Structure formats: C-alpha cells, structure tokens
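Comments concern the structure below.
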Amino acid sequence: MPGQMFIRFALFQKRLLKGYGFFLMLCLAPLLAAGIRQLSGEAFGIATIALYLPQGDDAAAEISERLLDGGGVLHYLPCGDGETARRMVETGKADAAWIFSEDLSEQIEILARKRRVRPVVTVVERKDSVSLILGREILSSAIYPFFSYAVYAGYVRDELGLMEMTDGELRRVYDSVAVEGNLFQMVYPDGTPGETEDFTYVQAPLRGILAVWFTFAGLAAALCFMRDEEHGVYGRIPLTKRLSASYLSGAVFLLDAAAVLLLSCRLAGVFSDWKREVVSCVVFGACVLAFANLLRMLCRTPGRLGMVFLPLLAAMLALCPVFLNLQYLRAGKLLLPPWYYLQSIHNVHYLYGMAVYTVILVLASAALQWLQSRRS
C-alpha cells in the first residue's frame with residue numbers, strides 16, 4: 001500500500017509539473033519575493049525630501065547624521081543650498097524640501113532661553129499628504145534632543161544659578177538621566193520582540209500576498225479536480241468517496257505550493273524560524289484544502305467556482321492584514337484562511353483557531369457530500 005501511494009504521488013506530481021500553467025504559478029511566488037527583497041535594498045521611500053543642512057554647524061551635523069544614516073521610510077536628497085532644494089520641489093523631483101537655518105545651533109539656544117517653540121526649518125511642500133505629515137514628525141524628533149538639552153542647560157544656569165558648571169558636566173548629568181532608546185517596545189503576543197524581524201515596509205506585505213496566492217493555489221487544485229471529474233478520471237470512484245479523492249489530489253497540489261511559500265518567505269527576508277513557519281504552513285495548507293473543497297462542492301461547476309475568485313480576492317485583500325489591519329467585519333475575517341495564518345505566525349491562539357476552523361470545514365464538507373450523494 002505505501003508503495004502504491006508513492007507511485008500515485010509521483011505520477012500526479014509528474015503530471016502537474018508537466019503543465020506549464022502550474023509550473024508558472026509556482027515560479028511567480030519566489031520571483032516576486034526575490035524582486036521585493038532586491039527592491040527593499042534600494043534607496044527610496046514613501047516620500048522624497050530635498051534636504052539642506054548648513055556646513056560647520058554642530059547641531060546641523062548631528063541632525064544630518066540622524067536623518068541620513070538612520071534609514072527609515074523617507075528618502076533624502078542632500079542639496080548644496082536652499083534654492084536648489086526649492087527647485088527640486090518645484091520641478092517634481094522631491095515631495096518636500098527641508099531648509100535648515102544657517103545659524104541653527106544659535107537659533108535653538110535663543111529659543112531655549114526664551115522657552116518658546118519657533119520654526120528653525122523652512123518646509124516647502126508640493127501638497128499635504130499622510131507621508132509628509134509623518135515626515136514632519138520625523139523632522140521634529142530629530143531636532144527635539146538639541147532643544148531639550150538647551151532648555152535644560154538654561155534652566156540649570158539661569159534658574160538654579162549654577163553658572164560654574166561646564167558644558168561637559170552639564171552634558172554628563174543630562175545623559176545620565178536621559179531615557180535611552182525608545183519609550184515603547186513592540187512585542188508580539190508570543191513574546192517575540194518586534195526588532196527580531198528586520199524588514200522594511202516594502203517587504204512587510206509580502207507574507208500577506210503569499211498567503212492570498214497560496215489560497216488561490218488551493219482553489220486552482222479544486223478546479224483541476226472538477227475538470228478531471230468532467231473528463232471521467234474519477235468515474236470509478238463512488239460519490240461518497242469523492243471528497244477523500246479531492247483531498248488527496250489537492251494535497252499533492254498544495255505540497256509544492258507550501259514548499260514554495262516557505263522558500264519565498266525566506267528569500268524575501270520575512271522568515272521567523274523554521275519550527276513556527278512549518279507548523280503554521282502545514283495547518284494553513286490543511287485549512288486551505290478544506291476551504292477550497294467546500295467551495296467546490298457549493299459551486300458544483302467550474303464556471304461558478306471561477307466567478308467566486310474575484311470577490312474572494314477583494315475580500316481577502318480588504319479583511320486580511322495584507323496591507324492594512326482594519327478593525328471591522330470580524331465575522332468576515334473568521335471565514336478566510338489567510339487571516340488565521342497571518343495572525344498565527346506570532347500568536348499560537350490563532351493557530352489553534354485555524355485548526356478548529358479546518359475541522360469545521362471538513363465536517364461541513366462531509367455533511368454536504370452525504371446530502372449530495374443521497375440526492376443523486
């Protein structure tokens with residue numbers, strides 16, 4: 001029996017891989033992953049900022065280091081003067097220009113002594129947008145440490161009367177009580193720190209895209225089974241055993257897709273660890289297999305199943321955390337396998353939920369198969 005199963009498995013694999021459509025579908029995922037990995041290393045961002053920082057100013061030099069060497073979602077284009085930065089915005093080469101004052105350090109010290117917040121950077125923008133609002137927050141966070149220290153130094157010397165303290169002593173005391181690092185730390189529900197997955201915003205949606213692709217691979221397996229049924233391939237198998245046959249044929253189909261899914265996550269740089277990835281992928285594969293077969297039985301014809309593809313794609317992109325994790329229509333999310341998979345990577349609760357959902361789908365499919373066999 002194991003030998004016969006292996007032979008059937010090998011024959012079915014050979015048949016699938018001989019089909020150019022199936023082979024092309026498998027190649028699309030790793031090509032997309034490799035392309036996004038390459039794209040993530042390019043110098044670009046959600047907005048392009050023309051940046052002018054005066055030479056020879058200590059504050060400007062440190063701010064420049066913070067902005068240019070810190071990575072992030074903005075792409076900076078250093079300019080030799082403020083007029084050049086303005087022209088880049090006017091000609092569409094940049095979304096905004098940040099033009100710092102020539103005497104930046106002095107301006108910050110004056111404002112700190114007066115305890116006032118006034119602009120020290122001229123911001124020129126083509127139009128307001130969410131990305132530029134975020135950019136202004138990044139700009140403010142880069143300038144704030146200098147203003148904060150200047151206010152502190154002025155208070156110690158003017159209000160407390162400790163005029164004899166040197167800049168070095170002030171800085172040492174200030175640094176000893178300053179909060180280092182981030183005030184908030186992102187931790188996943190399983191306790192994994194967010195910093196362990198070091199990927200850019202460009203790479204972030206890839207796992208969701210691959211989850212949607214994997215689901216459609218399962219639907220393609222269901223369509224393939226329906227086509228074989230029409231051609232009489234499973235004519236000798238009783239209707240009561242057709243569900244088992246569809247699971248076996250679909251499992252061979254999804255086995256290749258699961259290997260490609262894991263490889264693509266690895267290539268794209270969104271991989272966590274092997275144990276977690278493999279377990280989630282196996283349960284996800286079983287869930288997709290049961291989901292696709294239940295849809296197959298409900299639709300009953302390849303044409304009807306094909307009509308479901310576009311609305312299902314729209315639902316998965318809208319409700320699953322592919323690009324955004326919107327907090328609405330939770331009941332709809334619970335019906336979509338990719339939602340469980342994307343949540344289960346860092347939360348074992350959703351892994352168990354996906355397993356329970358899979359059992360429900362299998363039982364519903366078995367009940368529907370029994371009803372259809374009784375009617376025929």
Side-chain angles (χ1 to χ4, degrees), residues 2 5-6 9 13 16 25-38 40-41 185-218 221 247-248 250-293 316 319-323 325 333-362:
M5 291 182 63
F6 179 77
F9 172 79
Q13 279 282 13
L16 285 176
M25 184 189 71
L26 291 181
C27 291
L28 283 176
L31 287 175
L32 174 65
I36 289 181
R37 181 63 179 268
Q38 180 67 27
S40 66
Q185 182 181 12
M186 188 185 79
V187 178
Y188 290 106
D190 62 354
T192 305
E195 293 79 4
T196 58
E197 294 189 342
D198 185 19
F199 50 80
T200 68
Y201 74 97
V202 178
Q203 297 165 275
L206 183 68
R207 185 184 291 276
I209 295 172
L210 290 173
V212 173
W213 168 85
F214 188 83
T215 304
F216 275 91
Y247 279 141
L248 291 174
V252 177
F253 202 101
L254 286 180
L255 182 63
D256 296 332
V260 170
L261 174 65
L262 294 173
L263 174 64
S264 300
C265 288
R266 188 74 175 179
L267 286 175
V270 296
F271 204 79
S272 54
D273 67 77
W274 279 106
K275 182 180 179 181
R276 180 184 305 160
E277 293 283 353
V278 170
V279 171
S280 294
C281 187
V282 168
V283 180
F284 181 42
C287 187
V288 167
L289 190 59
F291 179 79
N293 275 284
M316 287 190 289
L319 299 180
C320 298
V322 178
F323 299 100
N325 191 7
K333 295 177 180 180
L334 293 174
L335 299 176
L336 302 173
W339 184 79
Y340 291 95
Y341 169 69
L342 295 174
Q343 302 284 356
S344 69
I345 295 299
H346 290 294
N347 193 336
V348 70
H349 169 76
Y350 291 100
L351 183 65
Y352 295 142
M354 183 162 56
V356 172
Y357 181 49
T358 302
V359 172
I360 293 173
L361 291 173
V362 171

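Please read these numbers as outputs of a predicted model, since none were measured by experiment.
The distance from the CD atom of Q343 to the OG atom of S280 is 11.5 Å, given to the nearest 0.5 Å. Atom OH of Y350 is separated from atom CG of N347 by 6.0 Å, given to the nearest 0.5 angstrom. Taking CE of M354 as the reference point, atom OG of S344 lies at 4.0 Å (rounded to 0.5 Å). In this structure, CE in M316 is found 10.5 Å from CG in L342, a value given to the nearest 0.5 Å. Distance check, rounded to the nearest 0.5 Å: CD1 of I209 to OG of S264 gives 11.5 Å. L267 CG to L31 CG: the interatomic distance, rounded to the nearest 0.5 Å, is 9.5 Å.
Listed here is the closest heavy atom pair of G285 and L254: O-CD1, 3.7 Å. Across all their heavy atoms, V288 and G218 have their closest contact at CG1-CA, 3.8 Å. Of all heavy-atom pairs between C265 and L210, the closest is SG-CD1, 3.8 Å. Between F284 and A211, the closest heavy-atom pair is CZ-O, 3.6 Å. Closest approach of W339 to P321, counting heavy atoms only: CD1-CD, 3.6 Å. What you find for P338 and T215 is that their closest heavy atoms are CG-OG1, 3.2 Å.
For Y341, the side-chain hydrogen bond (donor to acceptor under 3.5 Å, both in side chains) partners two or more places apart in sequence, or in a different chain, are R207. Among residues two or more places apart in sequence or in another chain, the side chain to side chain contact (heavy atoms under 4.5 Å, CB included) test is passed with A258 by F214, C281.
Within the 4.5 Å cutoff, side-chain heavy atoms of V348 are placed close to those of L351. Between T358 and Y340, every side-chain heavy-atom pair lies at or beyond the 4.5 Å cut-off. Considering only heavy atoms from C-beta on, F291 stays 4.5 Å or farther from L335 through its side chain. Annotation: side chain of I360 is in contact with side chain of V356 (closest heavy-atom distance under 4.5 Å).
Checking side-chain atoms of Y247 against main-chain N and O of A290 turns up no donor-acceptor pair under 3.5 Å.
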